[in-house]
Amino acid sequence: MPFDALCNNLRERFGSDSFTTSEFRDNRRIHISPERLLPFLKTLKEDCGFDQLSELGGVDYLKYPGARDRFGLWYILLNTTTGERVIVKTLLNEPDLTIASVFSLWKGADWMEREVYDMYGVIFDEHPDLRRILMPEEFVSFPLRKDYPLCGRGERHNFPVITRAES
Amino acid sequence: MPLQQANTLAPLENADQEFLWTLNFGPQHPATHTTLRLILTLDGETIVKAVPDIGFLHSGFEKLGEDLDFNQYVTIVDRMNYISPIANEIAWHHVIEKLMGIELTPRCKYLRTILGELARISDHLLCTGAAALDLGAFTAFLYAFHQREVLYDIFETASGQRFHPSYTRVGGLAFDISDDFVRKVRDFVKDFPKTHGDMCRLLNRNRIFVERMQGIGVLSKEMAIDLSSTGPMARASGVVRDIRKDEPYLAYPDFDFKVVCAEEGDCYARYLVRMEEMLESLNIIHHAIENLPSGPVNVDGDSKAVFPEQMSVYRSIESMIHHFELVMPNRQWTPPVDEVYGCIESPNGELGFYVVSDGTGVAYRARTRPPSFIHFAVFPYLIVGHQISDVVAVLGSLNIIAAELDR
């Protein structure tokens, strides 16, 4: 289904002002509010044939030029029969960093959502096992946020310094 | 959100299941090959539940991607899947060039195709060879590693670096290849089918090998799609998808090659798919090296995307300014302020980068879609109900590279 037809189809179902679209190179994006995300993705999966969640990731727009929202999430869906892709984007703001988990639609979302939680602190509602995946469990910050410094915060300050004479 | 303890055993901790016991597999275990840990719940020797625990090799690559410029970060992506580093470089610069709208020269496209396919052979040789090694077939492993040594030699001839070539640059390659490279690739194309045949004869009908692989870790087609698996994993389960065919990039439209698929979805099918893919890759390399276009390897210098030739930097003021502008952190490239997702068919599956650009030469966000990470999430579904000795067979067929898994 071409992108325009897909969008018209979705507009009929969800209302004409429910989402906006944008394109860049061959990326076709649908921007939608976080509350509507889950039913929207469900429609895309069940009625439009996007059967694979190819990629899920997030970004912190804190220092992005002209950005008004803090966090962005993207869901890249793939139709494995026709090879079409569509990117669904949504924006989140503090303090409510909660969004519905898509684990019920695609099991592949499990670890990808855990990684986004680990790196940005976005909480996925009804995720079966939302805990840190790459960082240690006792870690308290969210390292890919833009207000987290590249060299870390506090991790290195407590390292014991061994001088040559002592060793 | 407060931190919680890992909930690995919660549903099983009741009295009538006290016979279950827990086994830690890894993080340092010869059969995991890299540092990853599995918490296995066992009933006798049968696995009831497997919980992977990863992150031992996490080193903040994506954070570094937000600090290093497009050409510097290539040295980091190299270290993600260090079995086929050049495929990562090609993926990274494929996305950056997509972001900036650069069309590569035909010679560069062919060279990147050749290198990418050599990387695929290198990766598949390690995967099949190490899988054989874990199951007790030592000879095939040695044959595979002999050819990998030849491949490393080829990468060294091209880039000057054996293991982490860092060979691609925005808009081209670090430098053109020599005649020696062409000769070595031709030799490899001539010699490799013999090794491949030897490996096939050693393994394909080897009863121990086949019985430990066949019917183990079956991934159905529906599960493969649902769990986001791609590449040889998905193709072995009957998902007919190859990004080289479906979303062609580089010089792949010029070549005739088959997409190798199987339907069984077990470890043996994944092994066979990898073995056949090597021959298809060899075919592509053969056609590409014989039809290598002449001409420049980098895009036009006027585009200000590539470094000028070294001698002209010394001799002309324009080239010197141009070079200077590309290395100064406040000048560099000026990509559009937008975001783009691009992917290639890496040996392991779909390797993608999602780059958010704020108009500078450094990515604002460089998200990797790592195939190992996605495929390791499949592991608990594959291993349940099998014996403990099947863990190594399934792990070997997934080809998990921990550096890419944890980044």
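Residue numbering restarts at 1 for every chain, and letters A, B, ... go by the order of the sequence lines. Computed from a predicted structure; not experimentally measured. Just so it is clear, the values below take in all heavy atoms, side chains as well, and ignore hydrogens, waters and symmetry mates.
- Two residues are said to be in side-chain contact when any heavy atoms from C-beta on lie closer than 4.5 Å; B/K63 and A/P149 fail this criterion.
- Around the CD atom of A/E46, the shell of radius 6.0 Å holds more than 12 heavy atoms that belong to other residues, nucleotides or ligands.
- More than 12 heavy-atom neighbours from other residues, nucleotides or ligands sit within 6.0 angstrom of CD on A/E94.
- In terms of non-hydrogen atom pairs under 4.5 Å with chain A, the most contact-rich of B/D226, B/V239, B/L227 is B/D226.
- Contact check for A/R29 versus B/D338: side-chain heavy atoms found under the 4.5 Å cut-off.
- Contact check for A/Y64 versus B/R365: no side-chain heavy atoms found under the 4.5 Å cut-off.
- Judged by the 6.0 Å distance and 45° axis criteria, A/K146 is positioned over the aromatic ring of B/Y364.
- Residue A/I76 touches chain B through its side chain alone, counting heavy-atom pairs closer than 4.5 Å.
- Interface remark: A/D60 contributes backbone atoms only to the contact with chain B (heavy atom separation under 4.5 Å).
- Top candidate by heavy-atom pairs under 4.5 Å with chain B, chosen from A/K45, A/Q52, A/K89, A/K63, is A/Q52.
- Residues that satisfy the side chain to side chain donor-acceptor pair (under 3.5 Å) test with B/R241, not counting sequence neighbours, are B/D246, B/E247.
- Contacts between residues 99-112 of chain A and chain B, counted as heavy-atom pairs separated by less than 4.5 Å, involve A/F103, A/L105, A/W106, A/K107, A/G108, A/W111, A/M112.
- For the atom pair A/L53 CG and B/I374 CD1, the distance stands at 8.0 Å (nearest 0.5 Å).
- Proximity to chain B (any heavy atom under 4.5 Å) is restricted, for A/N27, to the side chain, taken from C-beta onward.
- When the shell of 6.0 Å around CZ of B/R331 is examined, it contains 12 or fewer heavy atoms from other residues, nucleotides or ligands.
- Formation of a donor-acceptor pair under 3.5 Å by the B/R369 side chain with backbone atoms of A/S54 is found in this model.
- Residues that satisfy the side chain to side chain donor-acceptor pair (under 3.5 Å) test with B/D242, not counting sequence neighbours, are B/R244.
- Atoms CE and CG, on A/M135 and B/D406 in that order, are 11.0 Å from each other to the nearest 0.5 Å.
- When atom types are taken as modelled, the side chain of B/K98 and the backbone of A/D26 share no donor-acceptor pair closer than 3.5 angstrom.
- Annotation: maximal heavy-atom pairing with chain A below 4.5 Å, among B/H58, B/E222, B/M223, occurs at B/H58.
- Using a 4.5 Å cut-off between heavy atoms, B/I225 touches chain A through backbone and side chain atoms alike.
- Taking CZ of A/R132 as the start and CD1 of B/I54 as the end, the distance is 13.5 Å to the nearest 0.5 Å.
- For B/A234, no part sits under 4.5 Å from any heavy atom of chain A, backbone or side chain.
- For B/S357, the side-chain contact (heavy atoms from CB on, under 4.5 Å) partners are B/L99, B/P335, not counting sequence neighbours.
- Between B/Y354 and A/E55 the shortest side-chain heavy-atom distance falls below 4.5 Å.
- No part of A/R28 comes within reach of chain B, as not one of its non-hydrogen atoms sits under 4.5 angstrom from that chain.
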Does the side-chain contact (heavy atoms from CB on, under 4.5 Å) test come out yes or no for B/R367 and A/M119, once each step is laid out? CA-CA 11 Å; B/R367 153 86 181 155; A/M119 295 297 157; over 6 Å; no
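- Within the 4.5 angstrom heavy-atom criterion, only side-chain atoms of B/E350, from C-beta onward, approach chain A.
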Go through it in stages, so that I can follow the logic: the residues are B/F56 and A/L134, the test is side-chain contact (heavy atoms from CB on, under 4.5 Å), and I'd like the CA-CA distance, side-chain angles, deciding distance and then a yes or no. CA-CA 8 Å; B/F56 294 94; A/L134 295 178; over 6 Å; no
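- Shortest non-hydrogen contact noted between B/D358 and A/P65 is CB-CD, 3.6 Å.
- Of the atoms belonging to B/Y381, it is side-chain heavy atoms, and not backbone ones, that fall under 4.5 Å from chain A.
- Only the side chain of A/L78 has a heavy atom closer than 4.5 Å to any heavy atom of chain B.
- The residue among B/G352, B/A377, B/G359, B/G55 with the most heavy atom pairs within less than 4.5 Å of chain A is B/A377.
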